*Asks:* 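Sending over a structure as structure tokens; questions will come in a sec.
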2 protein chains.
Amino acid sequence: MTHTGLDEPKPRLGRKRDHTRDPEILDAALDVLAETGYDGMTIDMVAARAKAGKATLYRRWTSKADLVLDAVACMKSSGIDLDELPDTGTLRGDLVAMIKAPSIRDSERKLNVMAGIVSMIARSPELASAAHEALVEPRASANRVFFQRAIARGEIPADCDVERLCMIGPAMVAYSVLMLRKPVDRQFLIANIDGIILPAAGLRATTD
Amino acid sequence: MTHTGLDEPKPRLGRKRDHTRDPEILDAALDVLAETGYDGMTIDMVAARAKAGKATLYRRWTSKADLVLDAVACMKSSGIDLDELPDTGTLRGDLVAMIKAPSIRDSERKLNVMAGIVSMIARSPELASAAHEALVEPRASANRVFFQRAIARGEIPADCDVERLCMIGPAMVAYSVLMLRKPVDRQFLIANIDGIILPAAGLRATTD
DNA sequence: TATATACGGTACTATGGAGTTCCGGATCAA
DNA sequence: TTGATCCGGAACTCCATAGTACCGTATATA
């Protein structure tokens with residue numbers, strides 16, 4: 001919700017800027033970004049999608065790059081809430097509990113946004129870290145909690161390579177969506193958990 | 001090496017087209033593609049890199065899209081040779097034998113090319129299938145051979161989900177390079193084999 | 001009510017790159 | 001040698017889009 005637009009100075013007179021529209025505009029930008037990629041996206045498209053004037057966009061963001069950076073950064077606060085993670089008592093239960101229709105749609109959208117900016121990322125460290133914070137880190141953090149809980153419970157060995165285990169799910173989803181262009185479903189995610197992640201964590205066939 | 005350029009009709013008179021330059025030009029296109037992405041790449045860049053004239057490129061390919069499509073398709077014949085796969089007698093041996101410095105460089109280049117065209121792929125089915133054939137399928141095919149051999153030997157269960165197992169390695173590499181922007185090394189790949197792939201295939205700690 | 005600024009919308013300018021044309025020189029066949 | 005076609009290179013046209021300017025209108029303060 002917070003963004004880095006140039007909205008700090010408080011002018012004294014005249015009509016106030018309608019900041020309630022910022023999220024709508026950023027959301028429109030993300031839609032266009034996911035559909036056409038960074039270079040295919042035009043400011044006119046975003047303005048039209050948000051039913052706003054092009055000048056309005058340039059009043060709030062200095063450039064296309066600035067708008068995209070802000071839009072990507074603002075995805076951080078959507079989706080996974082680290083304070084409300086499931087806690088089912090088992091590693092498998094926690095991982096499965098993360099599979100919900102809205103969560104699948106959310107991660108698919110994030111990946112399409114990622115697809116639209118990957119080629120930029122190599123040339124823009126700012127965008128790279130924004131994308132990492134907003135698209136990669138949230139899900140990795142959630143997984144980290146689950147695996148550390150499982151270690152604390154003695155459910156899996158303490159010398160597990162947690163960072164590597166955290167990658168498996170996101171890596172398989174990203175590969176399926178971006179490389180194979182195959183949308184993921186519940187069955188795919190469950191099979192990843194039971195067929196790859198749990199065995200890699202040292203757990204054999206599920207008894208959950 | 002074979003490409004889809006417009007080189008069929010044999011003109012009768014005058015100087016012949018120097019087809020030995022085609023691979024150099026396509027290779028230059030791949031370099032630029034990997035460095036700047038599809039939209040960042042200009043025909044002038046490719047021509048300059050290949051020390052060729054822009055007109056020469058347009059004599060051979062009808063458009064930028066055509067050139068890129070051909071360049072991507074031609075990667076198919078580089079890298080993995082399905083007729084010369086290692087056969088060490090164990091699944092782990094085969095997988096480890098695929099890890100070689102040139103192979104790592106090759107797959108890193110392929111992934112950077114992929115990064116440069118992902119956003120196009122959603123809108124160009126032709127490019128999508130070319131990329132799949134050249135960048136995704138070769139490695140998956142090699143892995144398929146290894147897992148099927150292992151099943152035939154009775155080394156791993158016959159009801160293994162081979163397609164899913166084939167994805168793990170490429171998915172982890174792609175995630176590391178594209179999402180985490182972390183180049184892979186031998187240690188990373190070995191850890192993936194021992195920590196994820198073999199356990200998922202039903203093999204416990206390595207005895208190889 | 002008067003003033004200042006935001007709004008959505010349209011018209012404009014400036015820039016960069018796709019694709020074309022033309023050049024002098026090189027290389028083939030006859 | 002000649003004529004056709006290639007080559008690398010440079011100069012060009014054309015178009016899309018980033019970014020700006022201005023319109024009439026809406027909404028805030030004073």
Side-chain angles (χ1 to χ4, degrees), chain A residues 5-26 28-29 32-33 35-71 116-117 119-120 123-124 127, chain B residues 5-26 28-29 32-33 35-71 116-117 119-120 123-124 127:
Chain A
L6 33 129
D7 47 345
E8 314 312 346
K10 282 281 188 179
R12 298 275 158 259
L13 253 40
R15 181 175 173 178
K16 298 294 177 59
R17 186 164 291 171
D18 178 10
H19 282 275
T20 66
R21 303 232 38 203
D22 288 15
E24 303 171 32
I25 297 171
L26 293 173
V32 177
L33 206 52
E35 286 167 20
T36 71
Y38 181 88
D39 295 278
M41 157 182 163
T42 71
I43 300 292
D44 287 290
M45 286 185 201
V46 177
R49 178 81 57 118
K51 294 190 205 309
K54 185 154 67 157
T56 301
L57 270 65
Y58 278 102
R59 263 179 227 114
R60 305 183 191 205
W61 296 277
T62 62
S63 66
K64 175 179 171 178
D66 186 32
L67 170 64
V68 168
L69 181 64
D70 203 11
I117 61 173
S119 68
M120 297 292 300
R123 275 159 290 147
S124 167
L127 185 58
Chain B
L6 35 131
D7 47 345
E8 312 313 345
K10 282 280 189 180
R12 299 273 159 260
L13 252 41
R15 180 176 174 178
K16 300 292 178 59
R17 186 163 289 171
D18 178 11
H19 282 273
T20 65
R21 302 231 42 204
D22 287 15
E24 301 171 34
I25 296 171
L26 292 174
V32 177
L33 206 52
E35 285 167 22
T36 72
Y38 181 88
D39 295 279
M41 154 181 164
T42 70
I43 300 291
D44 287 290
M45 285 184 200
V46 178
R49 178 81 58 117
K51 293 192 206 309
K54 185 156 63 158
T56 301
L57 271 66
Y58 278 102
R59 263 179 227 116
R60 305 184 189 203
W61 296 275
T62 62
S63 67
K64 176 178 170 179
D66 185 34
L67 170 64
V68 168
L69 181 65
D70 203 13
I117 61 174
S119 69
M120 296 292 300
R123 276 158 289 144
S124 167
L127 185 59

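What you see is a predicted model, and the numbers here were worked out from it, not measured in a lab. In what follows, every heavy atom counts, from backbone to side chain, and hydrogens, waters and symmetry copies are set aside. Residue numbers begin at 1 in each chain, while the letters A, B, ... track the order of the sequences.
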*Asks:* Measure from CG on B:L57 to P on C:dA18 and round the result to the nearest Å.
*Replies:*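 Rounded to the whole Å, the gap is 11 Å.
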*Asks:* So what does B:K54 touch, heavy atoms closer than 4.0 Å: a base, only the sugar-phosphate, or nothing?
*Replies:* base
*Asks:* Name every residue in residues 40-49 of chain A that has at least one heavy atom under 4.0 Å from any atom of DNA chain D, in order of residue number, or write none if there are no such residues.
*Replies:*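 Nucleic-acid contacts, sorted: A:M41, A:T42, A:I43.
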*Asks:* Expressed as a whole number of angstroms, how long is the span from B:Y58:OH to C:dC22:P?
*Replies:*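 It is 17 Å, rounded to the nearest whole Å.
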*Asks:* When B:R60 is tested against each of B:D22, B:D70, B:D66 for salt bridge (Lys or Arg N to Asp or Glu O under 4.0 Å), which residue passes?
*Replies:* B:D22
*Asks:* Rounded to whole Å, how long is the line connecting atom NZ of A:K51 with atom P of C:dG8?
*Replies:* 12 Å
*Asks:* Whole angstroms only, please: what is the CZ-P distance between B:R59 and D:dG9?
*Replies:* 12 Å
*Asks:* To the nearest 0.5 Å, tell me how far A:L127 CG sits from A:I117 CD1.
*Replies:* 4.5 Å
*Asks:* Looking at D:dC6, I'd like to know if its phosphate oxygens (OP1 or OP2) sit under 4.0 Å from a side-chain N or O belonging to B:R60.
*Replies:*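 It does not, given that no N or O in the side chain of B:R60 lies less than 4.0 Å from OP1 or OP2 of D:dC6.
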*Asks:* Report the distance from atom CG of A:D39 to atom C1' of D:dC15, rounded to the nearest whole Å.
*Replies:*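 The distance from CG of A:D39 to C1' of D:dC15 comes to 17 Å, rounded to the nearest Å.
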*Asks:* I need the A:E24 CD to A:R49 CZ distance, nearest 0.5 Å.
*Replies:*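 It is 13.5 Å, given to the nearest 0.5 Å.
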*Asks:* Just the rounded figure in Å: distance from C1' of D:dA4 to CZ of B:R17.
*Replies:*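 Taking atom C1' of D:dA4 as the reference, CZ of B:R17 is at 14 Å.
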*Asks:* Expressed in angstrom and rounded to an integer, what is the separation of B:W61 atom CH2 from C:dT20 atom P?
*Replies:* 15 Å
*Asks:* Between the base of D:dA26 and the side chain of A:R15, is there a donor and acceptor pair under 3.5 angstrom?
*Replies:*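 Indeed, a donor on one side and an acceptor on the other fall under 3.5 Å apart.
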*Asks:* To check you understand the geometry: which heavy-atom pair defines the closest contact between A:M41 and A:V68, and what is its length?
*Replies:*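 What the structure gives for the nearest pair is CE-CG2, 3.6 Å.
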*Asks:* Nearest whole Å is fine: how far is C:dG16 C1' from B:K64 NZ?
*Replies:*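 The answer, rounded to whole Å, is 11 Å.
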*Asks:* Is there a side-chain contact between B:T56 and B:R21 (heavy atoms, below 4.5 Å)?
*Replies:*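 Contact flag for B:T56/B:R21 side chains = no.
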*Asks:* If I take atom CE from residue A:M120 and atom CG from residue A:L69, how far apart are they, to the nearest 0.5 angstrom?
*Replies:*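 The CG atom of A:L69 is 10.0 Å from CE of A:M120, to the nearest 0.5 Å.
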*Asks:* Provide the closest heavy-atom pair for A:A52 versus A:L57 in the form atom of the first, atom of the second, distance.
*Replies:* CB-CD1, 4.0 Å
*Asks:* Can you tell which of D:dA18, D:dC6, C:dT21 lies closest to the side chain of B:A55?
*Replies:* C:dT21
